[in-house]
Amino acid sequence: MLAECYRDQKWIWGGRVESNPISDAEQLLCMLYPITQIETFAVHDPDATQPDVLRALRPLGPEATKIPRTLVDVALDYFQNHTDEREEPRFAAGSYLRGMSQDAPVPQDEGLQRLEVVDGYSMSITLCLTLLAFVNDREEHETNSGQHRKLVDLRDRASRRLTAAMVGLLRSFVVNSVSPESSQGRAILEMLRQGDTTDAELAQGLKIRFDRLRAQLKTDLRLSVPEESKPEEDQLFECGWSWGIAKDAKVITEYAADSSMSSKAGIAQPRPWLYFTVSALDGIVDLNSRRIRALNIFTPEQRSLAEALALRWDLTQNYWSAVARFDPERWPLEDIPWRTSDGQESDYYSLLVVSVLIQDLIARTATDADLIKAVGIIEELARRGRITQRMTPDDAAMALHYPGVPQGLVGSEVVVGTTLALYTSDYAPLIIKRALQAAQLTDNVEAREALMNVAEAAMDHLDERRMTRDGESVELWDDVSHFPGLESLTFQGPSWYFTERVVEALVATAATYEKEPPRSSRMYDHLLRLLNEADHVYNKAMLRSNVDDRSTLRDRLGEIGQLIKRARELRRRRTSTAIALSERALRLLDALEQADEDAGRSR
């Protein structure tokens with residue numbers, strides 16, 4: 001990455017597309033996210049920086065003290081580039097936007113620079129939290145007064161942008177209430193309907209499942225959400241995030257009233273987009289992580305905004321998880337591909353609903369039955385997305401990876417005269433991230449193995465899509481020229497959108513392996529039997545031994561005692577390791593018993 005971005009002691013912004021606030025945030029996160037999320041990659045304390053990390057980051061400075069200072073300068077450069085003359089943060093998607101048709105021209109006017117999407121807010125939340133955590137860790141190790149002033153400046157700028165991003169995310173949340181007889185209402189009903197369920201049965205099921213959520217939407221939601229958008233008793237509804245600030249979003253006066261984001265006019269159609277909903281949920285997960293809360297870096301205003309976003313996170317998780325599992329016999333989510341309320345359908349949308357479901361299962365402790373169903377869906381999506389199967393010429397699945405699924409920004413035509421789109425092509429890294437998150441939830445060995453196989457296959461898929469420099473593959477993405485029919489397609493620069501998603505998947509991988517391996521209840525029962533027998537035979541041998549004996553026999557019994565003790569210590573965390581230790585103890589005990597029998601025969 002540094003060979004691509006850092007030349008002649010200058011950071012080079014932009015990659016496959018021209019520099020914009022979202023792409024540049026993704027570019028920075030490719031570097032900063034692992035540094036702040038994985039302890040062994042940390043660089044805030046020069047005395048504790050690992051030698052291999054220091055070697056990899058050597059272009060940033062010859063000494064360990066120079067590396068964090070250079071990163072601070074690069075981050076300050078980002079804020080300088082994407083803040084206007086009134087010190088207001090800019091979030092425009094700019095060069096990321098395309099026409100609904102790939103070949104359609106995009107108006108290059110001032111209006112384009114005003115189009116902000118939820119990705120801009122969500123990615124800024126992750127970036128600003130990452131930088132605030134970095135500053136918090138770095139301050140106590142910085143001895144230079146000039147550099148210390150830069151850290152204070154970086155904290156102020158990151159905090160200001162964080163507040164604006166939180167407000168933008170808050171004003172992009174929508175509730176879409178529709179009549180069951182409308183086209184959107186019929187689409188929702190048909191997605192939920194499994195088998196021969198009648199309209200009356202569906203209506204009754206919806207009432208039972210969503211009455212509490214409907215009441216919460218009406219009573220708990222205040223900031224930015226119009227009262228008239230909240231569902232009546234006879235209406236269907238969906239909630240989540242539109243692609244940007246919603247057309248009917250109310251002005252926020254309680255918090256950040258001095259920020260233009262609080263009163264900026266919205267143009268996005270007020271209905272949820274699955275992609276932008278998942279993007280928002282991921283940003284809010286970072287916002288409410290235990291690590292960030294422990295740092296105590298929020299202002300009182302930010303804490304209130306975070307609470308408002310956490311409420312929306314919870315309501316959205318509950319809604320989409322309930323929709324995905326509406327019929328307990330056959331989940332609507334199993335009916336691939338997922339169909340949205342505007343009539344669009346794609347395997348990608350199924351994967352996005354899986355993303356919400358997995359987050360909900362993490363939050364509420366999943367049952368084995370839920371996880372087994374989720375595993376089957378993830379495996380099917382990996383197959384359909386040609387992660388675990390070969391891509392064929394003219395394969396429809398190719399569009400999931402290139403050019404991606406167009407997210408039509410309905411309402412953008414008001415500003416630029418035509419409906420623009422954001423193309424999303426993160427199918428492979430997203431399936432890794434969700435498979436690994438699901439794997440952390442289960443102690444079912446078979447389910448975990450299936451999920452890890454999907455993640456490994458997706459990583460192999462991504463390995464083939466690495467870019468090349470001077471004939472050698474490098475850890476930057478995305479080269480799709482190995483897909484049938486795309487052999488002539490070449491790109492000069494990396495896609496920071498895609499590379500950042502790969503980095504997220506790799507960080508999720510690291511988090512998975514930081515946790516203890518799963519424990520099978522059957523294996524645990526087997527271990528207890530082994531430990532019980534080993535303990536019994538060991539104590540029997542100790543009773544028969546001479547307390548004053550200092551021979552090899554006594555040393556061997558001491559070794560066996562340590563093996564049993566260690567197995568007991570590991571029995572809940574690493575069951576298989578404990579089994580191996582118990583079996584070794586039993587083999588040694590058996591060898592001692594045989595030796596004793598042989599000695600008796602010789603006498």
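Residue numbers run from 1 in the order of the sequence given. Values in this document were obtained by computation on a predicted structure and should not be read as measured data.
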Do Arg434 and Val278 pass the side chain to side chain contact (heavy atoms under 4.5 Å, CB included) test, and can you show the C-alpha distance, the side-chain angles, and the key distance before you say yes or no? CA-CA 12 Å; Arg434 301 317 178 193; Val278 171; 3.7 Å; yes

Take Tyr78 and Val74, measure what side chain to side chain contact (heavy atoms under 4.5 Å, CB included) needs, and give me the verdict at the end. CA-CA 6 Å; Tyr78 171 85; Val74 173; over 6 Å; no

Go through it in stages, so that I can follow the logic: the residues are Val118 and Thr277, the test is side chain to side chain contact (heavy atoms under 4.5 Å, CB included), and I'd like the CA-CA distance, side-chain angles, deciding distance and then a yes or no. CA-CA 8 Å; Val118 160; Thr277 294; over 6 Å; no

Apply side chain to side chain contact (heavy atoms under 4.5 Å, CB included) to residues Leu436 and Leu451 and explain how you reach the verdict. CA-CA 7 Å; Leu436 290 172; Leu451 290 165; over 6 Å; no

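Other residues, nucleotides and ligands place no more than 12 heavy atoms under 6.0 Å from the CG atom of Asp394. Residue Tyr423 places its OH atom among more than 12 non-hydrogen atoms of other residues, nucleotides or ligands, all under 6.0 Å distant. For Glu514, the CD atom counts as loosely surrounded, since its 6.0 Å shell holds 12 or fewer non-hydrogen atoms of other residues, nucleotides or ligands. The number of heavy atoms from other shown groups lying within 6.0 Å of CD (Glu190) is above 12.
Ring pair Phe173/Trp241 is perpendicular by interplanar angle, where above 60° counts as perpendicular and below 30° as parallel. Ring orientation note: the planes of Tyr427 and His401 are nearly perpendicular, at an angle over 60° on the 30°/60° scale. Classification of the His482-His461 ring pair by plane angle, with boundaries at 30° and 60°, yields perpendicular.
Looking only at distances, a side-chain donor or acceptor of Thr130 sits under 3.5 Å from a matching main-chain atom of Thr126. Ser242 places a side-chain N or O within donor-acceptor distance of the main-chain N or O of Gln269, the cut-off being under 3.5 Å. The backbone N or O of Glu18 sits nowhere less than 3.5 Å from a side-chain atom of Trp13 that would complete a donor-acceptor pair. Without hydrogens or angle criteria, Glu4 side chain to Pro494 main chain gives no donor-acceptor distance under 3.5 Å.
With respect to the salt-bridge test (charged N to carboxylate O, under 4.0 angstrom), the residues Asp282 and Lys433 qualify. For the pair Lys373 and Glu334, the salt-bridge criterion is met [side-chain N within less than 4.0 Å of a carboxylate O]. Using a 4.0 Å cut-off between charged side-chain N and carboxylate O, Asp286 and Arg293 make no salt bridge. Looking at Asp479 and Arg466, no side-chain N of the basic residue comes within less than 4.0 Å of a carboxylate O on the acidic one, giving no salt bridge. In this structure, Arg90 does not pair ionically with Glu116, as no charged nitrogen and carboxylate oxygen lie closer than 4.0 Å.
Stacking of Arg16 on the aromatic ring of Tyr497 is not recorded, the 6.0 Å distance cut-off and the 45° axial limit not both being met.
Here Leu32 contributes atom CG and Gln37 contributes atom CD; the two are 11.0 Å apart, rounded to the nearest 0.5 Å.
For the salt bridge (Lys or Arg N to Asp or Glu O under 4.0 Å) criterion with Asp347, the lone passing option out of Arg386, Arg384, Arg339 is Arg384.
For Tyr402 and Phe483, the gap between ring centers reaches or exceeds 6.0 Å. Checked against a 6.0 Å centroid threshold, the rings of Phe276 and Trp243 do not count as neighbours.
For the pair Leu462 and Pro429, the tightest heavy-atom approach, listed with the atom from each and the gap, is CD2-CD, 4.1 Å.
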